[in-house]
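Working notes, beginning with the structure itself.
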Amino acid sequence: MAALHGLIRGLLNATEAHEGVTARGWVRTRREGKGFSFLELNDGSCLANLQVIVDDGAPGSEALPDFQTGASVEVTGDLVASPGKGQRWELRATRVALLGQADSEYPLQKKGHSLEFLRTIAHLRPRSNLFGAVFRVRSRLAYAVHRFFQERDFVHVHTPIITTSDCEGAGEMFRVTTLKGDIDAKPSADFFGKPAFLTVSGQLEAETFACALSRVYTFGPTFRAENSNTSRHAAEFWMIEPEMAFCDLAGDMDLAEEFIKELAVYMREQCGEELALFERFVDKEVRRRLDFVIERPFQRVPYSEAVEILRRSGRKFDYPIEPGLNLQSEHERFLTEEHFKAPTTVFNYPREIKPFYMRLNDDGRTVTAMDVLVPGIGEVIGGSQREERLDQLRENLRRQQLSEADYWWYVDLRRFGTVPHAGFGLGFERLLMFLTGVANIRDVIPFARTPGSADF
RNA sequence: UCCAGAGUAGCUCAAUGGUAGAGCACGCGGCUGUUAACCGUGGGGUUGUAGGUUCGAGUCCUACCUCUGGAGCCA
């Protein structure tokens with residue numbers, strides 16, 4: 001019986017009627033009948049509401065006028081088969097109690113609200129069907145991410161959030177300081193004795209652990225101070241970065257593709273109720289896209305070949321296609337959605353457009369970079385085999401005008417027992433957008449931080 | 001940061017330069033084992049902000065603010 005005193009999810013999944021159960025939650029709507037009222041109760045444990053029947057005169061029913069949308073209540077009664085359509089079980093109340101009132105100013109009324117409006121009430125939107133579903137899915141997929149790596153003997157490493165290397169090379173960084181006034185006047189007086197920042201990637205630190213524990217991954221907050229105003233960028237997001245010693249680019253691509261597939265399968269099998277909601281109200285194509293990724297084998301194509309395909313496609317693109325230029329979103333989407341009609345991994349990019357840590361190929365012109373492209377989104381994963389040769393890494397640093405002294409510990413990995421190793425990075429929110437169909441990154445983060453906005 | 005669009009009731013939206021409206025929500029009444037119930041009725045507004053044009057501005061002009069979409073950067 002104890003379990004039945006738990007969440008509404010448990011009550012609705014009951015296999016038989018039960019007397020004397022208690023449900024707690026928030027009122028979604030109330031309908032008054034002759035001599036009794038219907039309450040729809042939701043506690044966020046699942047999408048569905050629990051229908052409650054309260055007879056006039058039942059203990060606590062005198063407060064029913066205050067059981068308005070948004071109010072928190074506790075109901076005790078008997079779980080019985082529902083004679084009405086639309087639900088299997090309902091709760092016949094023997095006692096009701098108002099825990100917390102919600103008056104008519106409660107902004108989340110029982111009506112369709114725009115996503116833009118819901119963002120302005122981020123403290124209340126988890127009580128809506130859509131956002132309850134999004135954040136239940138976010139939690140389960142975070143679990144699936146850990147499960148994927150733990151089952152493959154990866155060690156979870158908590159890489160630092162504050163860093164003093166301002167040269168991780170992945171974009172503008174947020175400054176962390178305890179100084180007042182001119183913070184650049186005397187950096188040695190600062191808390192860490194030098195300028196400090198919020199991390200833009202845990203990769204370099206993860207590499208050190210991979211070169212000790214063989215297989216590691218990070219899954220944590222990441223920060224970018226870029227003034228990016230798009231539906232795909234946030235100043236604070238969660239990144240997943242596996243790193244594997246004794247692994248080359250092929251092994252890296254294998255893992256990336258397996259990862260995407262497994263999470264799509266997990267979404268399909270473990271989040272069916274939410275997926276149905278997303279399919280209906282958010283993105284009619286989401287289930288088809290998941291099946292597309294699950295069923296179709298990934299295509300692998302070198303960058304040079306991808307460029308040729310784009311050139312010969314006869315398609316007019318807004319941006320030029322030339323060897324040595326980065327592929328634009330429109331190019332990536334053409335490859336995966338129209339040309340291959342499959343998830344696609346592009347690899348071996350020109351060294352000029354990629355960071356110093358990527359391994360130089362024997363041709364001397366390309367590096368072992370790879371991007372995994374999926375339909376609807378484009379790039380979801382970027383990774384590479386890392387440059388493990390000491391001399392070559394030093395040359396890469398020189399070419400990109402980076403100081404070896406700033407990377408002394410990173411270079412040390414190549415001095416002492418260096419090994420081939422590889423890894424990739426994945427934005428957790430972008431993965432969520434792909435798996436749920438939600439179009440704006442602000443709607444898969446509980447409280448989004450974007451330029452000019454850090455409320456709540 | 002660049003380009004485009006939008007800000008009118010709590011929410012979603014109407015309103016030829018000429019008296020600011022509807023639906024939902026909320027109050028009241030009615031009806032009903034109802035399903036975002038239904039029917040009737042009532043209250044609800046500094047039209048994003050500041051200027052300007054005009055006899056008259058929600059509507060036209062200028063600036064700013066905010067939001068949205070797209071681009072760049074990227075995950």
Side-chain angles (χ1 to χ4, degrees), chain A residues 27-40 42 48-55 65-66 68-70 80-87 90 92 102-121 124 128-129 168-172 199-203 218-241 281 318-319 326-330 332 353-355 371-373 377-383 424-434 439-445 450-453 455:
Chain A
V27 174
R28 282 296 178 78
T29 182
R30 184 185 81 232
R31 294 182 291 274
E32 293 181 4
K34 205 179 191 72
F36 60 94
S37 294
F38 294 100
L39 289 180
E40 297 263 354
N42 188 285
N49 302 327
L50 174 67
Q51 175 163 284
V52 179
I53 319 297
V54 188
D55 287 325
D66 288 332
Q68 293 175 345
T69 302
V80 298
S82 175
K85 289 179 184 143
Q87 63 279 319
E90 64 184 23
R92 276 210 154 268
D103 63 21
S104 64
E105 286 180 24
Y106 181 63
L108 195 66
Q109 290 298 336
K110 52 181 178 190
K111 189 67 195 164
H113 292 290
S114 67
L115 294 174
E116 291 81 2
F117 170 68
L118 290 167
R119 279 174 214 145
T120 68
I121 53 165
L124 297 173
S128 67
N129 285 338
E168 289 176 15
E172 290 295 311
T199 184
V200 292
S201 166
Q203 181 199 314
T218 72
F219 185 2
T222 309
F223 307 87
R224 303 278 167 88
E226 298 286 354
N227 189 14
S228 297
N229 288 289
T230 82
S231 54
R232 296 177 303 283
H233 290 83
E236 177 183 302
F237 61 100
W238 284 59
M239 191 146 70
I240 298 155
E241 296 177 289
F281 293 110
D318 292 338
Y319 285 84
N326 230 328
L327 299 181
Q328 303 294 321
S329 319
E330 56 173 349
E332 295 178 340
I353 58 175
K354 292 295 180 181
D371 286 346
V372 177
L373 315 176
I377 301 280
E379 181 189 334
V380 287
I381 284 182
F424 61 80
L426 165 74
F428 185 48
E429 286 78 9
R430 291 209 180 153
L431 179 71
L432 287 172
M433 292 168 72
F434 172 67
N440 196 312
I441 199 168
R442 298 171 183 87
D443 297 328
V444 294
I445 301 178
T450 53
S453 171
D455 294 330

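In what follows, chains carry the letters A, B, and so on, assigned in the order in which the sequence lines appear, proteins first and then strands, with residues in each chain numbered from 1. Just so you know, these numbers use all the heavy atoms, side chains as well, and skip hydrogens, waters and symmetry mates.
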(request) State, to 0.1 Å, how close A:V200 and A:E172 come at their nearest heavy-atom pair, and which atoms those are. (result) CG1-O, 4.0 Å
(message) Please report the distance separating the C1' of B:U16 from the corresponding atom of B:G56, rounded so that it comes out in whole Å.
(response) 15 Å
(request) For A:G452 and for A:E236, find the nucleotide of RNA chain B with the closest heavy atom, then tell me which residue's nucleotide is more 5'. (result) A:G452
(request) Taking the side chain as every heavy atom from C-beta outward, state whether A:R232 and A:I441 have any atom pair closer than 4.5 Å. (result) no
(request) Could you measure between the two C1' atoms, the one in B:G42 and the one in B:A22, and give it in whole Å? (result) 16 Å
(message) Nearest 0.5 Å, please: how far is CG in A:N42 from CZ in A:R28?
(response) 4.0 Å
(request) Mind telling me whether A:F36 and A:F38 have parallel, tilted or perpendicular rings, with 30° and 60° as the class edges? (result) perpendicular
(message) Should the side chain of A:S228 and the base of B:C74 be counted as holding a donor-acceptor pair, with the cut-off at 3.5 Å?
(response) no
(message) Just so I know, are the side chains of A:R31 and A:Q51 near enough to count as touching, which here means a heavy-atom distance under 4.5 Å?
(response) yes
(message) Any side-chain to backbone donor/acceptor pair from A:S82 onto A:G84? Under 3.5 Å, distance only.
(response) yes
(request) Just call it for A:R119: base, sugar-phosphate, or nothing, with non-hydrogen atoms closer than 4.0 Å on any strand. (result) sugar-phosphate
(request) Determine the contact category for A:F223: base if any of its heavy atoms lies under 4.0 Å from a base atom, sugar-phosphate if only primed atoms, P, OP1 or OP2 are that close, otherwise nothing. (result) nothing
(message) Which is more 5' along RNA chain B, the nucleotide nearest A:E105 or the one nearest A:A235? Just name the residue.
(response) A:E105
(message) If you compare all heavy atoms of A:T69 against all heavy atoms of A:L108, which two are closest, and at what distance to 0.1 Å?
(response) CG2-O, 3.8 Å
(message) Under 4.0 Å, heavy atoms only, any strand: does A:N229 hit a base, just the sugar-phosphate, or nothing?
(response) base
(request) Starting at the 5' end of nucleotides 29-41 of chain B, put B wherever the base has a protein heavy atom under 4.0 Å, S where only the sugar-phosphate does, and a dash everywhere else. (result) ---BBBBBS----
(request) Would you indicate, yes or no, if B:A25 has its OP1 or OP2 atom less than 4.0 angstrom from a side-chain nitrogen or oxygen of A:Q68? (result) no
(request) Examine B:C74: is either OP1 or OP2 under 4.0 Å from a nitrogen or oxygen in the side chain of A:T230? Give yes or no. (result) no
(message) Whole angstroms only, please: what is the OH-P distance between A:Y319 and B:C3?
(response) 13 Å
(message) Side-chain N or O of A:Q328 versus OP1/OP2 of B:A71: is the shortest distance under 4.0 Å?
(response) no
